[in-house]
Amino acid sequence: MQTKRTLFRSKTLPYLLILPQMAVTIIFFLWPAAQAVRQSFLREDAFGFKTTFVWFDNYTQLFSDPTYENSLRVTVVFAIGVAVLSLVSALVLALAVDRTIRSSQVYTTLLVWPYAVAPAVAGILWWFMFNPTIGILPYLLSFVGYHWDHSLSGFDAMILVIIASSWKQISYNFLFFVAGLQAIPKSLVEAAAIDGAGPYKRFFTIIFPLLSPTTFFLLVINTVYAMFDTFAVIHATTQGGPAQATNTLVYKVFQDGFIGLNIGSSATQSVVLMIIVIALTFIQFRWIERNVQY
Amino acid sequence: MIENRPWLNFFSHVVLILGVAVVALPVYIALIASTRGPNDFYSGVVPLLPGPHTIENYKQVLFAGISTSGAPPIGLMMFNSLVMALSIAIGKIAISIISAFAIVYFRFPFRSLAFWLIFVTLMLPVEVRILPTFKVVSDLGMLNSYAGLSIPLIASATATFLFRQFFLTVPEELMEAARVDGAGPMRFFWDILVPLSRTNMAALFVILFIYGWNQYLWPLMITTDPHYYTVVMAIKRMADVADSIPQWNVVMATVVLALLPPVLVVIAMQRLFVKGLVETEK
């Protein structure tokens, strides 16, 4: 690990400096995580009198549970929906901003602020927009003959949470795409233009391939966002319903643990999620390492 | 700009204006709703033009609270949110900068281990270990307190990592010169490293303030006493209470109040915000 050529010498000072961070990390992160792992191997009886060590029973039970399978499917659909919608709209906006010269700063300001809106607030905003009785969007949809009701239709509920979650994430993706576009050497694009390549050809043969590292990075970040940070969006709007249609993995951990009080199953789900996050973080860091080298 | 294509430029502006409008629409609707009276939301479609009840609605939510939901005034909740956001932002910066200092400028046993332990926290979002963390906080008697709202969220791998990367780029000569002049480690830290890190701290502060203000699940779980509710978590409660017909005018006034502070921070400090966002992810 990198340090400085010359270092300070002290026996106690570095420990004192690192103590607060370590204390918080151990008490509020590592210890609870270890507890989750421990509980995932235990099962409590219905009255909480006796806990038995059950090896991987919780895990086998979890993976054969149709509601968990459903939740996994919901999460995949949701994550793909959020990633595609927010990445595509952010890329289109970033390309448009890249073409403007004088007004780009103004547009950027007008597009980035939703980053600061809390996921729960974003959920409530779109919930209001989509309110079946008075919302403006169901009103517009009724003209094309679509009857919107996210409290009855699982499809409508899924669309609602995807739109609310993507809305907040567009600004983030937009900023990274704008930075990525600015990093593309102008000479490449100019050379292609001199050779007679039009804007569309240039986009697909030069700009998009050179943006692929940014896109990949954002894909990982958006997956993490859709899997974990959208808890509040779902809790504030559909609460996993109707009929489990929006019950993503992270929402299910909360629901089974806090409302269903099924500690063993909830802990097992936590462990599965931790493994997923660790895998995603690892992928992200591999990408960063590779990127740092050139 | 490579070549002049007026229609493509025009099209770009159309796309951008549409984008800005779509992004702003939900907040516009909320803003309008917060200026109307309660009777505008029974039937038909949401109003699109402002009404006359702005001051009345905001006065009610800020100082009186909403009688039907038994919630305290939003003014108090905004104060709680502010305390939470500031303690998280300042706390994270403070403990991260000293631990990064220890990791970069000292060699001590278990240094690598400490670094990796801190790093692991990055991988454990609060949502996935919510139940055991709740238990720890409740065992420590930190439910319904500002300490419980902020301290468990204060460890930050990203901030530590950012400061570490920054310290590694600080020229070696600065430290050598300081040592020649007889400065000890803490003197070097306060007089040289902290002033040099000022921009990084400010950029991090913007990001962390937003992070703290927008916390939802955590305050929802550990506060049962309405005097410690934060504004973001309270909106949900308000929208639920009168489930048949939520009082949309006051709910939306609360929504506007809840999103205003972080949005203003982003707009006012846009340069720092972009810097903080891009650098914490690198």
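Proteins come first, then strands; the chains are lettered A, B, ... in the order of their sequence lines, and each starts at number 1.
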Where on [X] is there a heavy atom nearer than 4.5 Å to chain A: the side chain, the backbone, both, or neither?
| X | value |
| --- | --- |
| L140(B) | side chain |
| A258(B) | side chain |
| F134(B) | side chain |
| V170(B) | both |
| M233(B) | neither |
| L260(B) | neither |
| P109(B) | both |
| A24(B) | both |

Only pairs of heavy atoms separated by less than 4.5 Å count here; which of [options] has the most with chain A?
| options | value |
| --- | --- |
| V266(B), I267(B), V23(B), L259(B) | V23(B) |
| K92(B), M221(B), Q215(B), K135(B) | M221(B) |
| L153(B), V15(B), L18(B), V231(B) | V15(B) |

* Decide ring pair (Phe, Tyr, Trp, His ring centres under 6.0 Å) for F110(B) and Y15(A); before the verdict, give the C-alpha distance in whole Å, the side-chain angles of both, and the deciding distance to 0.1 Å. => CA-CA 10 Å; F110(B) 309 116; Y15(A) 292 108; 7.5 Å; no
Let me know if [X] has heavy atoms under 4.5 Å from chain B in its side chain, its backbone, both or neither.
| X | answer |
| --- | --- |
| V117(A) | both |
| S266(A) | side chain |
| A232(A) | both |
| W113(A) | both |
| Y251(A) | neither |
| I27(A) | both |
| V271(A) | neither |

Heavy-atom distance under 4.5 Å between the side chains of [X] and [Y], does that happen here?
| X | Y | value |
| --- | --- | --- |
| V121(A) | Y216(B) | no |
| I134(A) | W248(B) | yes |
| Q270(B) | T108(A) | yes |
| L175(A) | F273(B) | yes |
| H13(B) | S103(A) | yes |
| P185(B) | L13(A) | yes |
| I17(B) | Y107(A) | yes |
| H235(A) | L220(B) | yes |

* What do you reckon, is CZ of F11(B) surrounded by more than 12 foreign heavy atoms closer than 6.0 Å? ->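 Atom CZ in F11(B) is not packed in, count stays at 12 or less.
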* To do: Report the residues that fulfil ring-ring contact (aromatic ring centres under 6.0 Å, His included) with F10(B), sequence neighbours left out, ordered by chain and then residue number.
  =>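 Expected list: none.
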* State which residues pass ring-ring contact (aromatic ring centres under 6.0 Å, His included) with F106(B); sequence neighbours excluded, sorted by chain then number. =>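 F8(A), F101(B).
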Counting heavy-atom pairs closer than 4.5 Å to chain B, which one of [options] comes out on top?
| options | result |
| --- | --- |
| A179(A), P114(A), S89(A), A236(A) | A236(A) |
| L280(A), L111(A), V272(A), L137(A) | L111(A) |
| M22(A), Q21(A), R9(A), Q35(A) | Q21(A) |
| V250(A), V253(A), L249(A), I136(A) | I136(A) |

Using every non-hydrogen atom in the two residues, find where [X] and [Y] come nearest and quote the distance to one decimal.
| X | Y | result |
| --- | --- | --- |
| I210(B) | A116(A) | CG2-CA, 3.9 Å |
| P14(A) | A102(B) | O-CB, 3.7 Å |
| S12(B) | R99(A) | OG-CD, 3.4 Å |
| R179(B) | L7(A) | NH1-O, 2.6 Å |
| L93(A) | L16(B) | O-CD2, 3.7 Å |
| V24(A) | I151(B) | CG1-O, 3.7 Å |

* Does W126(A) reach the main-chain N or O of P26(B) with its side chain, forming a donor-acceptor pair under 3.5 Å? ->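 Between the backbone of P26(B) and the side chain of W126(A) there is no qualifying donor-acceptor contact (under 3.5 Å).
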* Roughly how far, to the nearest 0.5 Å, is CH2 of W127(A) from NZ of K236(B)? ->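 Result: 5.5 Å between the selected atoms.
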* To do: Kindly compute the distance separating CD1 (I235(B)) from CG (L125(A)), expressed to the nearest 0.5 Å.
  =>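 Here the interatomic distance stands at 8.0 Å.
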* **With I18(A), the side chain to side chain contact (heavy atoms under 4.5 Å, CB included) member among I103(B), L117(B), T160(B)** =>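 Result: among I103(B), L117(B), T160(B), I103(B) is the only option passing the side chain to side chain contact (heavy atoms under 4.5 Å, CB included) with I18(A).
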